[in-house]
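Here is the structure we will look at.
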Amino acid sequence: MKILVTGGAGFIGSNFIRYLLAAEPDAVIVNFDALTYAGNLASLKDVESNPRYLFVKGDISDPESVKEVFANHQPEIVINFAAESHVDRSILSAAEFVRANVMGTQVLLGAAREFKVSRFCQVSTDEVYGSLKPGDPPFVETTPLQANSPYAASKAGADLLVRSYVHTHGLDAVITRCSNNYGSYQFPEKFIPLFTINAMRDQELPLYGDGRNVRDWIHVLDHCDGVWSAAKKGRAGEVYNFGCDNEWANIDIAHLLLEILGKPQSLIKLVKDRPGHDRRYAMGFAKAARELDWQPQVQFETGLAETVRWYQQNTEWWSNVISGEYQSYYQRQYGKGGVVG
Ligand code: NAD
Ligand code: DAU
């Protein structure tokens with residue numbers, strides 16, 4: 001079973017590759033990643049010599065490189081994690097989000113058609129549904145798309161392209177939409193690793209606005225399990241939501257992290273709000289439970305404490321990210337070649 005995973009050097013992609021190598025003894029994985037600032041091969045150090053794993057450096061929006069990787073490896077399944085993923089960056093500059101997330105998805109869809117892949121899985125997000133008010137029911141798969149940030153708009157555009165390739169070209173594709181992930185190897189620009197690392201270093205925790213924005217936090221391995229269940233068992237053309245029935249206000253998570261780390265609550269600093277900041281996300285996942293037999297397994301307080309421990313025990317990983325050293329890892333390990341395995 002040959003699987004092309006795009007964006008496998010990022011947070012969720014690297015966890016997914018590790019998950020899949022363990023879960024599917026027949027899986028051979030090609031990780032296709034452009035190694036942007038968010039791509040870090042150090043996150044895959046423990047699997048890099050696995051004979052069922054291969055890394056190919058390349059950009060999903062570059063038709064030549066995409067064609068080459070499909071021609072050389074003939075994947076049966078494609079799982080597209082590759083994306084610009086950080087909302088704040090999309091507010092500063094949206095162009096790269098359109099190029100990577102929209103154009104990149106279109107290039108992959110074209111190659112999936114041309115090379116007749118049997119299943120395409122687009123990894124999307126709850127942010128395409130917009131924002132909930134307190135008391136609103138959670139998002140379901142039929143909730144209208146109301147993307148509010150340029151990041152969310154680019155993901156919604158990609159989702160619609162996937163839908164169009166199913167409808168028009170008969171491509172066998174599914175779309176997964178998940179809530180906020182936490183876990184090991186998350187880039188420290190995101191809320192939980194940023195606050196954890198800042199607290200460990202006795203630095204302020206910059207909480208946006210009133211700190212009362214709500215997210216439905218899910219452990220990254222539960223998300224990986226959901227993506228793989230949808231890729232294996234999902235019906236072509238369908239969308240599957242994943243969430244954890246686990247809504248937390250940001251300020252309560254900040255309190256909990258400081259408690260776990262034994263640091264003073266005075267480290268929390270309210271700062272200027274994110275423009276257009278979505279107030280609340282919550283995902284209804286009854287369809288995934290019913291059709292894919294999927295349920296989240298990791299209890300939040302346990303998963304968060306384990307995640308904090310991971311950042312405490314892996315200071316080298318995040319120190320290299322903060323210093324920028326991680327970006328020379330690929331060159332040091334592999335020289336300038338495009339393929340490693
Ligand atoms: P990330 O930013 O940690 O990783 C993204 C990866 O994609 C990096 O390795 C980067 O090098 C690669 N990449 C970016 N542009 C590329 C391109 N043009 N070609 C090839 N590779 C490219 O992101 P993440 O948090 O791991 O998210 C992965 C996917 O899951 C994204 O599609 C995101 O929208 C989606 N998602 C994320 C969350 C979350 O909470 N983090 C939740 C739901 C969905
Ligand atoms: O919901 C899924 C999405 O979750 C994914 O699609 C995105 O790729 C991922 O980045 C994430 O988006 P969010 O914007 O929800 O995550 P972020 O970690 O940036 O922020 C989480 C919450 O914390 C949000 O309400 C903003 C707030 N925040 C964030 C940062 C970085 C702060 O208060 N301070 C901060 O410094």
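We count ligands from 1, going down the list as the structure has it; atoms in each ligand are counted the same way. These values consider heavy atoms only, across backbone and side chains, with no hydrogens, waters or symmetry-generated copies. Just so it is clear, the structure is predicted and the values come from calculations on it, not from any experiment.
- Listed by atom number, the atoms of ligand 2 under 4.0 Å from P206 heavy atoms are 32 (C), 33 (O), 34 (N), 35 (C), 36 (O).
- For atom 5 (C) of ligand 2, the nearest non-hydrogen atom of the protein is Y151 OH, 3.6 Å.
- At a 3.5 angstrom cut-off on N or O pairs, C178 does not count as close to ligand 2.
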Full working for side-chain contact (heavy atoms from CB on, under 4.5 Å) between R163 and D159: CA-CA 6 Å; R163 178 187 154 85; D159 287 9; over 6 Å; no
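- Looking only at heavy atoms of the protein, atom 1 (O) of ligand 2 is closest to D126 OD1, 2.5 Å.
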Check residues 260-269 and write down every donor-acceptor pair under 3.5 Å in which the side-chain atom is one partner and the other belongs to a residue at least two apart or another chain.
unit_1	atom_1	unit_2	atom_2	d
K263	NZ	D202	OD1	2.9
Q265	OE1	H255	ND1	2.5
Q265	NE2	H255	O	3.2

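- Near E189, the atoms of ligand 2 lying under 4.0 angstrom from a non-hydrogen atom of the residue are 31 (C).
- The protein heavy-atom contact nearest to atom 18 (O) of ligand 2 is F191 N, 2.9 Å.
- Annotation for ligand 2: atoms under 4.0 Å from non-hydrogen atoms of N213 are 25 (O).
- Residue contact check: H277 has heavy atoms under 4.0 Å from atoms 24 (C), 25 (O), 26 (C) of ligand 2.
- Which parts of ligand 2 touch L207 is read off a 4.0 Å heavy-atom cut-off, strictly below it: atoms 33 (O).
- Numbered from 1 in the order shown, with element, the atoms of ligand 2 that lie under 4.0 Å from a heavy atom of L194 read 36 (O).
- Scanning S124, A83, G10, S85 for the heavy atom closest to atom 8 (O) of ligand 2 points to S85.
- By the 30° and 60° cut-offs, the orientation of the rings of F70 relative to F115 is tilted.
- Proximity annotation for atom 17 (P) of ligand 2: of R215, R274, R279, R89, R274 comes nearest, heavy atoms only.
- Closest to atom 12 (O) of ligand 2, if we only count protein heavy atoms, is E127 OE2, 2.8 Å.
- Inspection of the N246 and D216 side chains reveals no N or O donor paired with an N or O acceptor under 3.5 Å.
- Between Y281 and ligand 2, no N or O atom pair is found at a separation short of 3.5 Å.
- Remark: the S65 side chain and the E68 side chain contain no N/O donor-acceptor pair separated by less than 3.5 Å.
- Looking from atom 29 (C) of ligand 2 to the surrounding protein, the closest heavy atom is Y208 CE1, 3.6 Å.
- Note that R89 lies in the cation-pi zone of Y37, set by a 6.0 Å cut-off to the ring centre and a 45° limit from the axis.
- Residue contacts with ligand 2 for N180 involve both N, CA, C or O and side-chain atoms from C-beta outward (heavy atoms, distance under 4.0 Å).
- Remark: the Y208 side chain and the D88 side chain contain an N/O donor-acceptor pair separated by less than 3.5 Å.
- Between K233 and D293, the shortest heavy-atom contact is NZ-CB, 4.2 Å.
- In this model, a donor atom of one side chain and an acceptor atom of the other lie less than 3.5 Å apart for R99 and S61.
- By the 3.5 Å distance cut-off applied to N or O atoms, D88 is not counted among the residues near ligand 2.
- Side chain to side chain, Y185 and N314 fail the donor-acceptor criterion of an N or O pair below 3.5 Å.
- Using modelled atom types, one finds no donor on one side chain facing an acceptor on the other under 3.5 Å when comparing S179 with W217.
- Of all the heavy atoms of K190, the ones lying under 4.0 Å from any atom of ligand 2 are found in both the backbone and the side chain.
- Between W248 and F300, the angle of the ring planes lies from 30° to 60°, which puts this pair in the tilted group.
- The shortest N or O to N or O distance between S179 and ligand 2 is not below 3.5 Å.
- Distances shorter than 4.0 angstrom do not occur between any heavy atom of K155 and any atom of ligand 2.
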Derivation of the salt bridge (charged side-chain N to carboxylate O under 4.0 Å, His left out) call for D172 and R119: CA-CA 5 Å; D172 186 323; R119 168 71 26 129; 2.6 Å; yes
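- Interface of H86 with ligand 2, defined as ligand atoms under 4.0 Å from a residue heavy atom, comprises 19 (O).
- Crowding of Q146 atom CD: a count of heavy atoms from other residues, nucleotides or ligands under 6.0 Å not exceeding 12.
- Using a 3.5 Å distance cut-off with no hydrogens or angles, the side chains of D222 and Q297 do not pair a donor with an acceptor.
- Here is the list of ligand 2 atoms found below 4.0 Å of a heavy atom in N250: 22 (C), 23 (O), 24 (C), 25 (O), 27 (C).
- In this structure, ligand 1 sits under 4.0 Å from heavy atoms belonging to G7, A9, G10, F11, I12, D33, A34, L35, T36, A38, G39, G58, D59, I60, F81, A82, A83, S85, A100, V123, S124, T125, Y151, K155, C178, S179, N180, N181.
- If you check the side chains of Y281 and E127, you find a donor sitting under 3.5 Å from an acceptor.
- The cationic atom of K190 (NZ for Lys, CZ for Arg) does not lie both less than 6.0 Å from the six-membered ring centre of F11 and within 45° of the ring axis.
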